[in-house]
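The model shown is predicted, which means the values in this text are computed figures rather than measured ones.
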Amino acid sequence: MVKPVLFVLGASALPLARRLKAPLGAEVHTPACVAGGDVTYARAKAHLAQLFSQGRAIIGLCAAGILIRAVAPHLHDKRSEPPVIAVAEDGSSAVPLLGGHHGANDLARRIAELCGGHAAVTTASEVRFGFALDDPAPGFVLANPRDMKTAAAALLNGAAVALDGTLNPFPAARFASGADGVTLTVTEQLAEGSGRNLVYHPRTLVMGLGCERNAEASELIALAEKVLADAGLSPASLAAAASIDLKSDEAAIHAVAAHFGIPARFFTADELARETPRLRNPSETVAREVGVAGVAEAAALAAAGARSGLVVEKTRSTRGTCAVARSPQLLLDLPGRPRGIVHVVGIGPGTPDWRAPAARAALEASTDWVGYGLYLDLVADVRSGQREHRFPLGGEEDRVRHAIELAKEGKEVALVCSGDAGIYAMAALVHEVIDLEPARIAVNVIPGISAFQAAAARAGAMIGHDFCCISLSDLLTPWSVIENRVKAAAEGDFVICFYNPRSLKRRGQLERAFDILKDRRPADTPVVIASNLGRPGERVKIMRFDAFNPGDVDMLTLVMVGSSQSKCFARGDGRIHAYTPRGYAGKREAAE
């Protein structure tokens, strides 16, 4: 779940932010001049606008006007806008400005409770009745939000509200019948509704699916749509799509789930076999193939629970099957397992400022983090209850296999890597292991800023032209192969980024690499050594090739050697910049 943001404008609000952080599961955003936050920003208005556009709940410990002016240009649809709340610095007032019916009112009440202050809830229906017609309890969907305005006006004018159905979307409501009242109809059936009859669809249906391997997604989606339409059922009442775990990597089943905006859940053959007595269309052929007499019906029943029943029996298309089961209760805590996924997350060199938004999103969404302890420490600011699986330096394959096993259990796992996940990191090993030992999990590789990019940026623009990266570690690659690559890079006149230049046991490889280069690089070729990039203790140094000392390098250092065209120069502030020209000088000369 994405954390709400406690937006701090000045140091005076920081104590309240720290007080609210843990109870609200929030993170603190402060200006760069205020220490002690989780995230810093440069410009308040731009930062607030960015958070709002990302759908982040904003709790501004500042004047309401500041928040209003920042987000006002970005208002477009009240049904999708995130909560925005203004909180006085002393906690005396919490004012929901936006998203009152989408969490802001509840969040304001929670803040007031924590601070002993007052929640200034202003939405008329909540003030009058204690509930809002467009904010039903979890598990209910208002069929037509446009009808809500007329119904709310009628209630505010004294009309009674009646319930037609066995499930209640508003536990706080007091129901009574009346000639000119408003009826809340709760049904899985498609229904028109009106300003006097609001239709709510409960999440009580499960769609069971089966298909041949590599069936077309369009065929299965069309079958699912037809099944619902023929039965007069609303897609809004679907709680999940379900199937056997042998199909957990079947693209067509996931396409149906995505089409309806519902999760997919999978069951073992043994779990589905328990539903055999309740099947309407058992098949001995299917039982011989997958170990259960009917996938679609059994999966729908298993996911809908022991008290469920089929409302649509198995229906076939050319390569797929579909069935629908109904539960008498809301399906909020779904049985079965989702398809597990391993996010191979490149977190960059370490500083949150260089971390991709996609990496942050994957870390927040994951239930489990796997990685070297230092890397997990570097993303601690994002942690919100994830289980950590710490590994020492080395043992990369152990980490990968552990992440894969967790994903096989249906978990969402972040395998945390420094730099870029695909550059001398874990992404290749994840794919290698799955290639050797097939697993039905999903894999999502998220790139990050690599050390060579960070080093080049800190130094100036060293990779402005062709470059290559070479690891000097001969633990997995024979030195003869590495040596040939260094010679080829030297002949090709590439800027060369040396990874793993030295370790406690490997002391001579860097010197041998420089011996290869010394006859192919001018003495004044710039060399960059960089360590702890983006972290405390960062060190970036630029020197001439003939002044390079291998003793300045350790296992946490990257060494970058320029091409014969690379240059460096000092500026007025004394700082040296190194760069590799792209070739624009020739273009300028031609223009002259």
Side-chain angles (χ1 to χ4, degrees), residues 346-351 353-354 418-420 423-425 448-473 482 485-503 506-585:
I347 63 170
T351 173
D353 294 340
W354 286 350
S418 68
D420 181 280
I423 300 177
Y424 302 122
I449 295 174
S450 188
F452 78 85
Q453 294 171 287
R458 288 293 200 229
M462 276 287 278
I463 54 175
H465 211 317
D466 296 339
F467 65 92
C468 66
C469 298
I470 299 175
S471 171
L472 295 182
S473 172
I482 297 171
R485 290 172 179 171
V486 175
K487 290 178 180 177
E491 290 292 341
D493 200 20
F494 289 96
V495 174
I496 306 173
C497 311
F498 287 122
Y499 277 73
N500 306 309
R502 290 166 73 93
S503 71
R506 294 183 296 101
R507 309 301 294 176
Q509 286 88 336
L510 184 60
E511 289 88 337
R512 290 155 73 182
F514 267 70
D515 284 341
I516 294 170
L517 291 171
K518 67 182 180 182
D519 294 330
R520 297 172 176 86
R521 293 292 185 273
D524 62 352
T525 299
V527 175
V528 177
I529 60 174
S531 58
N532 292 311
L533 290 159
R535 302 197 292 268
E538 175 180 290
R539 183 172 65 101
V540 179
K541 187 176 180 181
I542 303 172
M543 66 202 67
R544 290 166 52 104
F545 186 94
D546 59 3
F548 175 73
N549 177 13
D552 293 336
V553 176
D554 61 22
M555 63 186 296
L556 298 177
T557 302
L558 178 136
V559 177
M560 186 176 294
V561 181
S563 72
S564 64
Q565 303 302 309
S566 300
K567 303 175 182 295
C568 63
F569 65 97
R571 301 196 66 197
D573 58 5
R575 181 185 168 191
I576 298 175
H577 293 251
Y579 71 102
T580 304
R582 180 72 176 89
Y584 291 105

Side-chain donor or acceptor of [X] paired with backbone N/O of [Y] under 3.5 Å:
X    : Y    : answer
E491 : K487 : no
Y499 : S473 : no
D420 : G448 : yes
Y424 : C469 : yes
R539 : N532 : no

task = Give me the ring orientation class for F514 and F548: parallel if the planes are under 30° apart, tilted from 30 to 60°, perpendicular past 60°.
result = parallel
ask   = Once the angle between the rings of H577 and F569 is folded into 0 to 90°, is it parallel (under 30°), tilted (30 to 60°) or perpendicular (over 60°)?
value = parallel
[X] vs [Y] side-chain heavy atoms within contact, under 4.5 Å:
X    : Y    : result
V528 : M462 : yes
R520 : D493 : no
V495 : M560 : yes
R512 : L472 : no
E511 : R502 : yes
P349 : I449 : yes

Closest contact, heavy atoms only, [X] versus [Y]:
X    : Y    : result
F498 : A513 : CZ-CB, 4.0 Å
K567 : P581 : CE-CG, 4.2 Å
R544 : D546 : NH2-OD2, 2.9 Å
I542 : A459 : CD1-O, 3.7 Å

request  = Go through the steps to decide whether D552 and K541 satisfy the test side-chain contact (heavy atoms from CB on, under 4.5 Å), and finish with yes or no.
outcome  = CA-CA 10 Å; D552 293 336; K541 187 176 180 181; 4.2 Å; yes
Value rounded to 0.5 Å, distance of [atom1] in [X] from [atom2] in [Y]:
X    : Y    : atom1 : atom2 : answer
S564 : F545 : OG    : CZ    : 12.0 Å
I347 : S418 : CD1   : OG    : 6.5 Å
C568 : I576 : SG    : CD1   : 6.0 Å

ask   = Does the distance from a Lys or Arg side-chain N to an Asp or Glu carboxylate O, for D573 and R575, drop under 4.0 Å?
value = no
key: Candidates T580, D524, T525 - the one meeting side-chain hydrogen bond (donor to acceptor under 3.5 Å, both in side chains) with S566   = T580
request  = Give the C-alpha distance, both sets of side-chain angles, the deciding distance and a yes or no for side-chain contact (heavy atoms from CB on, under 4.5 Å) between I496 and R521.
outcome  = CA-CA 11 Å; I496 306 173; R521 293 292 185 273; 4.0 Å; yes
task = Using the side chain to side chain contact (heavy atoms under 4.5 Å, CB included) rule, pick out the option among V540, L558, T557, V559 that qualifies with S531.
result = T557
inquiry  = With side chain to side chain contact (heavy atoms under 4.5 Å, CB included) as the test, pick out the partner of P501 among D554, I470, L510.
reply    = L510
